[in-house]
Structures are given as structure tokens and as C-alpha cells.
Q: 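Dropping the structure in here first, questions after.
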Number of protein chains: 2
Amino acid sequence: MMSSSPASPTGATAGRTQPELLVGLNAVILAVTQDQPRVLSVGPQTASLGDVAAKPEATSRALPFGPFDREHDRTLELCMRETVRKETGIELGYVEQLYTFADKGRDPRESSGGSRVLSVAYLALLQEGVLSGVEDATWEDCYEFFPWEDWRGGKPALIDEIEAALMEWAGRVEQTSAGSDYRERIDICFGLGDVGWDAYRVLERYELLYEAKLVAEYWLDRGQSPTSRIAERFGRPMAFDHRRILATGLGRVRGKLRYRPVAFELIPETFTLLRLQHAVEAISGLRSHKQNFRRLVERSGLVEGTGSREAKTGGRPAELFRFRRAVLRERRAPGVATLRSPRTP
Amino acid sequence: MMSSSPASPTGATAGRTQPELLVGLNAVILAVTQDQPRVLSVGPQTASLGDVAAKPEATSRALPFGPFDREHDRTLELCMRETVRKETGIELGYVEQLYTFADKGRDPRESSGGSRVLSVAYLALLQEGVLSGVEDATWEDCYEFFPWEDWRGGKPALIDEIEAALMEWAGRVEQTSAGSDYRERIDICFGLGDVGWDAYRVLERYELLYEAKLVAEYWLDRGQSPTSRIAERFGRPMAFDHRRILATGLGRVRGKLRYRPVAFELIPETFTLLRLQHAVEAISGLRSHKQNFRRLVERSGLVEGTGSREAKTGGRPAELFRFRRAVLRERRAPGVATLRSPRTP
DNA sequence: ACCCTTATACTCGTTATGAGTACAAGTGGA
DNA sequence: TCCACTTGTACTCATAACGAGTATAAGGGT
């Protein structure tokens, strides 16, 4: 309730009893290994828990999470770092807050009398090679969850299938309600017609597919089983709303790549330009022109040569570069601008 | 605690008792009126409450806020819209989630035995002319809180004063701790040396000033009074950590302006190009080249002429334009790219 | 020596950007 | 009516950035 004499920053009244609200933290931890974008997930490795194994949810991967300990943690971010450190042994570097999720129904247990759950999601980027020592924490390929997001090999064939399925859905919906702009949303989200593919819109695409009942979670959230076509073609589901959270995270990095030098958080201290390029391509899901990428990165002043070179390239040895921290002092908002759209013709 | 068999999206254990944690919502509601950026604030209009009037906090403005009603509200955003609607009569349009604040100590009452407060802040943009009917809700000029952020008249003289004060502070700190990169942070934040001014870094600047004890909140948070110089020169304080939240919001719009057409959320349906330019300038705090701004906006396809024109310009009548929604179907990430940096020479 | 691979340099045409100049079309007053 | 003043709009021009190539360098293997 707004109040004209603020008594607390939120206006919440102390001592007022309400049904339980749990606050937790989720972490989207991304890395690039073998030129593939990976996300750290937790959950049982194999479904060997007896009869539970039959249920698809039981084998879904989840994002690392933990409760927010309001007694001991000074900040949300520290709590998240601590949780991840304790549970996986990983010491996070680059971290940023992503989004706070609190929609009713995001935890299926709510409906059966459980508490409402609010969680604050964080995004973290790790360099290749940092591995978790914990058995049931695994790195998964991001594009298994979003197969339509990987355009590095050109427009995925799946896009046509998605377009057809979405248009069919939009047609059905338009008959009942006033929904003539569904087609427009579809065009924008998936870059159809003369729209270009915008790598950034990961979340919008996932949510549109969810609305169109084309992702497994739509059915699982309602206690039903997805059709086999959905289960096989439209990406692996994750537990709860974690695929949505992952979509938010992937979209955020892709966006940030354009104007902040976050790519360097994903690769070792020294690297060849091709490696940098591959990391950027893995995250953005787009292929870029090698010579121009080099020109762009060099001209930007983001990197400096180390003098030494890497021999194991299979061809001419490549020079090793390092990130010039000093660049932050010289230019505003440096990033890798090349990441516009792939040439579709 | 991370768990290998996820039982809840956050891992929070139901039924576990912890000290009270309150969840609330804050809204940064921005508009542009008379070419000035405004923020909607609440609080007593004048300090006529007796002896409380002497304390500066009693007269500070606060951002609109309300508790998150976990029973009735389906989503955080709906709760926020509802709160604002009920309390000010304003029906929000463009809204996005901004950030979640939960640092220990953000509510001064915590230390005196109160509850920990977490709040989710939202950003909303309104068109000129939407006014609140509620008496103690007022529109305040954003730059009263951040006088150093307005570069429309060229580099503010205040920047030199800030530079001096910060450098002096950095010098003092370096003697005690290992802090040789304070100067680098100062350079980056305030665009000194060969760095350019980056309009986007509003929060970083505010936080640096806070650390350097140059904003009133630093002292108020510790129950002390700021020096008169700080009170007079470094912007008006707000209640609690609301100036920090406002900084987050202003930074976010400034950033978004560059790649999404959010400027149109701030102006009426039809507008002259100069009006659009002034709205962009008000938010970004930068002046832009009129002819180039026009070229950019027209070439971008973001707008279309309506044929009619506005007479009240004081000179030649200007054509009225409207935002072309269709552009969203044609180009990825359209924005107003011109907003780089002001020519400082 | 020849072929394959990857790295790196350089070219070329197109488009975007910053900074102007020039002219158009209103207003109000001498 | 003419003139000064205001704001809007069209065009120019040099420079930088971008997309797409071609050409050459420098390693390994057979």
C-alpha cells in the first residue's frame, strides 16, 4: 500500500502475517567448451530411483539453486556465490543479477497447499576448463534446450517446422479470440518475412512456444504428458520454470555481448582470435566473417598481442592475444558489434 | 542448499522458520514534461508535521511502493500495476522489471530489530500529460537528484568539482589500503581523461559517490548529518535507498534507448521530430545534432508522417509524425543510435 | 615438392556518422 | 509591406565503419 509518510522502503508492514513466501536463488552458469555453449545443471545423473524413473520430470535437469539465508547473507549476490561454492566447489567470477521470478504456479507444489516461491536468478560466466567436482552437477549443451537458437550452420531446418506449427496455432486461436497480431509476434520472434533473426529474443521465442503449447513444460505444468513430437522436436525440458530462466540468461548474454566485453569472461587469459570468435559464435548462435571479426576486434583496441603463438592450430600458428583491461579506460561501451544477423540468402 | 533431487525451484525448505523477510515492490515511473525528465515520487508535500520537520529524512521524497501480496497477485508486475493504479490513479503502460534489492541495511529499521526487506523494483514510462490525482504524489525533476547527469548544456561545471573531490578521496584511501585503481574507476565513471562520458553509467557513478561519502545518503544511513557542501552540491537525497533505485532506472532507460524504440513511450501518439528529439535528450542528458537526428529517425523507418502539421512551433510549422509499429516487423533492434557522447572539445 | 590447413593482410564498394551550409515557411513588429 | 527572427527541412562532404571478397603467409603431413 502506498503511503504518504514512508515507514519502510517497501511499505510492507512488519508483523503482518501472510501465507509463507519462500525466497530462493537460481544461477544460470554459462561456459563455452569445445565451441559449444554449456550450462551447469544439477539433478540425478540417471533415473535409477525406482518407479519415479518413469516420470519425465524426474530426469529433468535443474539449475543450481539455494535458499536466501536472510540471517547470514549480507547481499543476494554473496549468498548465491556462497551457495555455488559450497555445492559445486566452483568459485564464480563474472556475475550479474538476471531477473526475479514469482509468478503464481511456477512451483507445482504451490497448488497442493505449498508455499509461494519467489526466486532471484543470477547469471554467471565461467572460463573454459572450470569443472565441478560434484557428481550430479553436469555441463549441458544449451542448444539441447533451444535447438532453434543455433544458427551457426545457417538457418536451422527446425525453424520452418516451428513456423508451420505456430501459424497453424495462430490460425486456430484467431477464430475464437481477437488475435490477429499473433502472426506479427511470430514474425518478429522468429525473424520470418523481411524481419531478420534477432539472436537476443531468446525469451520471447520460448514464451511464444510455451503459449502455443509447443514446449513440454506447457503440458508438464498441467500434469499431462507432451506429445511425442513435442518431446522430440522442441528441445529438452528442464525442471520447474528453469528453461525459462535459462532463456532469460542466454538472451541477456547475447544482448550484452554487443556492448560490453563479456566474451573475455568465457575464455582463458590468453587466446587466439579464432578462439575468441568461436566463443562469441557459440553464445550468439551466429557465424561471423573471420577476417572482419579480426579487423573489428583489433581495431577496437580490446586486445593486445602477447608475442607468443599457439602451434596446435593444424595450420599456420596463430598469435596469442590477451584482453586489454586498459581499454575500459579509453572507450565507452566496447563490445563485439559484429553480431547483427546472419546472411540468410 | 543445492540438492541433487530438486524438490522446489529454489531449494527452500517449506516450514523452516526464519526471521521475517518482507517482500515489497518499488516503481520508478518516468516521464518527460517540458523537456525535463521527471520521476513520480510520494511523501509529504511540505514538512508540517511538527518537530519531525527538522529532520531532513522527513522531507525526502520516496518512490511509490507497496507490499507484494502473495495471496492475491498472480505476478509481481500485476501487483505493481495494481498498487500504482490504486494509489495514484495512474494506469501504467510500458513496464519492465528493473532489479531486486536486498542488501542488509538498506532499511534503517533493520538494525533496530526490524525485519529484513527485499524489494523488487520496476521501471515504467509514461507519456507527457498523465498526471496523478493524489496530492502527495508529485513529479520531480530527475536531475535534481543527479545534477551531474545533465550534459545537455555541455559538460556541467559540477563535474570538475566532483573530479577534484573524488581524486582527493582516492588519494586519502590509497595511503591506507591497496587502492590504486580507484583513479581508474573515477576516470571510467565520469569520463575523464580520454575516456568519453557514457550516459549509461548512472548507477556506477552514484555508487562511487556514495563510497566516497559525497552523497547525503552515506551520512543519513549512519544517523549523521551530511556537510552543508554535500547537501547543497551533490544532489537531493531520497528516502532509504531510493536514489540508488532511481539511478538504476535512469541508467536502464538510457541504455535501452540505444537499441529499442522506448522513446515513443514518453511522447504522445503524434509528435514533431523536435519533440521526439527533446524527449530523447531529456532522458539521455545529451544534446544531439538536429539535422542528423532527423535523418537517423527517418531513415530508420521508425516513424511515418501523418500529413498534418503543428502550428505552434514559433517558426515554420513542423510535420506531425507517428510511430510505425510495423517497424518492429522489419528491423531487428531499432533504437536511436545517435546517443553516443557529446563533443567535449 | 606438393597439398592441406589455418592465419593474416589488403582491397573495394556500400552505408553510416558527424558537422556543416542552404533554403523554406511560419510569426510579429517597424 | 518588408524585415528580422524563429524553427523546420533538404542537401553536401569528408571520414569511419561494415560486409564480402581475394591474396598471401606459415605451419604440418606425405
Side-chain angles (χ1 to χ4, degrees), chain A residues 35 154 196-197 258-259 270-278 280-281 284 286-321 330-345, chain B residues 35 151 154 196-197 258-259 270-278 280-281 284 286-321 331-345:
Chain A
D35 300 340
W197 174 259
R258 295 197 261 234
Y259 61 99
T270 66
F271 48 84
T272 66
L273 292 184
L274 188 59
R275 181 156 199 180
L276 173 62
Q277 183 181 344
H278 282 329
V280 167
E281 289 176 343
S284 70
L286 301 175
R287 194 63 76 187
S288 41
H289 180 112
K290 185 169 175 174
Q291 296 92 317
N292 288 350
F293 183 88
R294 150 180 295 272
R295 176 178 65 186
L296 195 75
V297 171
E298 287 192 306
R299 209 176 21 68
S300 74
L302 286 168
V303 301
E304 61 192 355
T306 63
S308 54
R309 42 200 70 248
E310 176 162 274
K312 310 291 320 159
T313 57
R316 169 174 170 179
E319 180 164 14
L320 285 166
F321 290 81
E330 294 158 13
R331 311 182 118 255
R332 286 150 295 96
V336 181
T338 344
L339 308 169
R340 296 296 162 74
S341 78
R343 34 245 134 263
T344 343
Chain B
D35 300 339
W151 285 56
W197 174 260
R258 296 196 261 233
Y259 61 100
T270 65
F271 47 85
T272 66
L273 293 183
L274 189 59
R275 181 157 198 180
L276 173 62
Q277 182 181 346
H278 282 329
V280 167
E281 290 176 341
S284 69
L286 301 176
R287 194 64 76 188
S288 41
H289 180 114
K290 186 169 175 173
Q291 297 92 318
N292 288 350
F293 183 89
R294 150 180 295 271
R295 175 178 66 185
L296 194 77
V297 171
E298 287 191 307
R299 208 176 23 68
S300 74
L302 286 168
V303 302
E304 62 193 354
T306 62
S308 54
R309 42 200 72 244
E310 177 163 275
K312 310 290 318 158
T313 58
R316 170 174 167 176
E319 180 163 14
L320 285 166
F321 290 80
R331 311 182 119 255
R332 285 150 296 96
V336 180
T338 344
L339 308 169
R340 295 298 162 73
S341 76
R343 35 246 133 262
T344 343

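Each chain gets a letter, A, B and so on, in the order its sequence line appears, and its residues count up from 1. Values in this document were obtained by computation on a predicted structure and should not be read as measured data.
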Q: Quick one: does A:Glu298 reach the base of C:dT8 with a side-chain donor-acceptor pair under 3.5 Å?
A: no

Q: Starting the side chain at C-beta, find the nucleotide from D:dA10, D:dG21, D:dC18 nearest to A:His289.
A: D:dG21

Q: Give the nucleotide from the list C:dT6, C:dT8, D:dG27 with an atom nearest to the side chain of A:Pro317.
A: D:dG27

Q: Please report the distance, rounded to the nearest Å, between CD in B:Glu319 and P in C:dG26.
A: 13 Å

Q: Kindly compute the distance separating OG1 (B:Thr270) from CD (B:Glu304), expressed to the nearest 0.5 Å.
A: 11.5 Å

Q: Whole Å only: how far is the CG atom of B:Leu320 from the C1' atom of D:dT9?
A: 15 Å

Q: Could you grab the distance from atom OG of B:Ser288 to atom NE2 of B:His278, nearest 0.5 Å is fine?
A: 9.5 Å

Q: Roughly how far, to the nearest 0.5 Å, is the CG atom of A:Leu273 from the CD atom of A:Glu319?
A: 8.0 Å

Q: Base, sugar-phosphate, or nothing for B:Leu273, non-hydrogen atoms under 4.0 angstrom?
A: nothing

Q: Taking atom C1' of C:dT8 as reference, at what distance in whole Å does atom CD of A:Glu310 sit?
A: 16 Å

Q: Rounded to the nearest angstrom, tell me the gap between atom CG in A:Leu276 and atom C1' in C:dT8.
A: 16 Å

Q: In whole angstrom, give the distance that lies between atom CZ of B:Phe293 and atom P of D:dT7.
A: 17 Å

Q: Can you tell me if A:Arg299 touches the phosphate of D:dC18, counting only side-chain N or O atoms and a distance under 4.0 Å to OP1 or OP2?
A: yes

Q: If the cut-off is 4.0 Å, is A:Arg316 near the phosphate of D:dG28, judged by side-chain N/O to OP1 or OP2?
A: no

Q: To the nearest angstrom, how far is B:Lys290 atom NZ from D:dA10 atom C1'?
A: 13 Å

Q: Could you state the CG-P distance from A:Asn292 to C:dT15, rounded to the nearest angstrom?
A: 16 Å

Q: State the CG-CD distance between B:Leu296 and B:Gln277, to the nearest 0.5 angstrom.
A: 10.5 Å

Q: On DNA chain C, nearest-nucleotide positions of B:Arg295 versus B:Gln291: which is more 5'?
A: B:Arg295

Q: Stepwise, does the side chain to side chain contact (heavy atoms under 4.5 Å, CB included) test hold for A:Leu302 with A:Phe321?
A: CA-CA 10 Å; A:Leu302 286 168; A:Phe321 290 81; over 6 Å; no

Q: Nearest whole angstrom, please: distance from the C1' of D:dT7 to the NE2 of B:His278.
A: 10 Å

Q: So, does the side chain of B:Arg309 form a donor-acceptor pair with the base of D:dG8 at under 3.5 Å?
A: no

